[in-house]
Q: 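First the structure, then my questions, so here it is.
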Amino acid sequence: MSDITKRLFFGLALDEHSKTHIYNWLTRDVKTYRPLINKNNLHLTLAFLGNVNANDEKRYISYAEQIKAKSFALSFGDTGYWQQTGIFYLRPSGIPKQLDMLASSLRNKSHKLATYHNPFAFNPHITLVRGAKRQEPTVYNKMAPLNYKFKQFTLFHSTRIDNQLTYVPIQHFSLL
Ligand code: 3AM
């Protein structure tokens with residue numbers, strides 16, 4: 001049974017109102033030759049965990065349940081672009097230390113359980129478009145700022161449903 005694995009990651013989910021705010025701007029004010037990310041998949045990744053078996057999934061859940069991290073607010077409005085991966089994203093205007101500490105502890109756990117060793121520094125972002133390597137998306141008007149207080153984080157299963165990449169929440173964990 002432990003041979004069956006799931007692709008998992010910890011992330012920050014957004015509510016419907018915020019996803020609509022982002023998506024309305026994205027469809028109205030951004031031009032790109034690549035498809036936009038599915039609206040339901042908008043999120044901020046804290047730690048990618050790789051392919052995880054059932055035992056390690058339980059270990060991740062127990063670990064996350066005992067984390068005592070404070071809630072924090074992020075403000076989004078600015079975009080960024082990584083040419084190498086063609087990822088176009090929203091980035092927070094600042095990185096509170098609570099966010100940095102939360103991501104570090106989750107990423108360290110994946111190193112300890114050896115399901116995934118993240119080679120890059122944590123760089124918080126909300127992916128909007130992937131694979132746009134040939135041309136950076138054009139922003140006609142900046143997004144009106146979105147301020148969001150994160151009161152929980154989530155373990156997600158990254159899977160395909162009806163051939164669509166879908167991030168299914170497995171469990172939410174409260175922030176203080
Ligand atoms: O959408 P973002 O960039 O937040 O890119 C994947 C996505 O992040 C990332 O995990 C999130 C949920 O799928 N991801 C997927 N495969 C990855 C890998 N091999 C990865 N991150 C690092 N290494």
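Just so you know, these numbers come straight off a predicted model, no measurement behind them. Counting starts at 1 for both ligands and their atoms, following the listed order.
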Q: With no hydrogens and no angle check, is any side-chain donor or acceptor of N147 less than 3.5 Å from a backbone partner on F76?
A: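 Pair absent, no side-chain N/O of N147 close to backbone of F76.
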
Q: Are K39 and T20 close enough that a side-chain donor and a side-chain acceptor fall under 3.5 Å?
A: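 Yes, a side-chain donor-acceptor pair sits under 3.5 Å.
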
Q: Is the ring centre of W82 less than 6.0 Å from the ring centre of Y89?
A: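 So the answer is yes for these two rings.
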
Q: Regarding ligand 1, does Y116 bring an N or O atom to under 3.5 Å of one of the ligand's N or O atoms?
A: yes

Q: Starting from atom 7 (C) of ligand 1, what is the nearest protein heavy atom, named by residue and atom, and what distance separates them?
A: T45 OG1, 3.9 Å

Q: Got a donor-acceptor contact below 3.5 angstrom from the Y60 side chain to the F10 backbone?
A: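 It does not hold such a pair.
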
Q: Distance to 0.1 Å, residue and atom name: give those for the protein heavy atom nearest to atom 3 (O) of ligand 1.
A: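 Going atom by atom, the protein heavy atom closest to atom 3 (O) of ligand 1 ends up being H125 NE2, 2.7 Å.
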
Q: Nearest heavy atom to atom 16 (N) of ligand 1: which of R7, H157, R130 does it belong to?
A: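 Looking at heavy atoms only, the winner is R7.
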
Q: Under a 4.0 Å heavy-atom limit, does Y167 contact ligand 1 with its side chain, its backbone, both, or neither?
A: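 The answer is the side chain of Y167.
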
Q: Any chance you could measure Q164, atom CD, to N40, atom CG, to the nearest 0.5 Å?
A: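 Result: 9.5 Å between the selected atoms.
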
Q: Could you name the option among F10, F48, F120 that has the heavy atom nearest to atom 20 (C) of ligand 1?
A: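 Considering heavy atoms of F10, F48, F120, the nearest to atom 20 (C) of ligand 1 sits in F48.
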
Q: For F9, run the ring-ring contact (aromatic ring centres under 6.0 Å, His included) check against F153, Y116, F48, F156 and tell me which one passes.
A: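 Only one of F153, Y116, F48, F156 forms a ring-ring contact (aromatic ring centres under 6.0 Å, His included) with F9, namely F156.
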
Q: Quick check on contacts: which atoms of ligand 1 are under 4.0 angstrom from a heavy atom of F9?
A: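 Per the distance check, 12 (C).
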
Q: With a cut-off of 4.0 Å, which atoms of ligand 1 are near a heavy atom of T127?
A: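 Numbered from 1, ligand 1 contributes 1 (O), 2 (P), 3 (O), 4 (O).
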
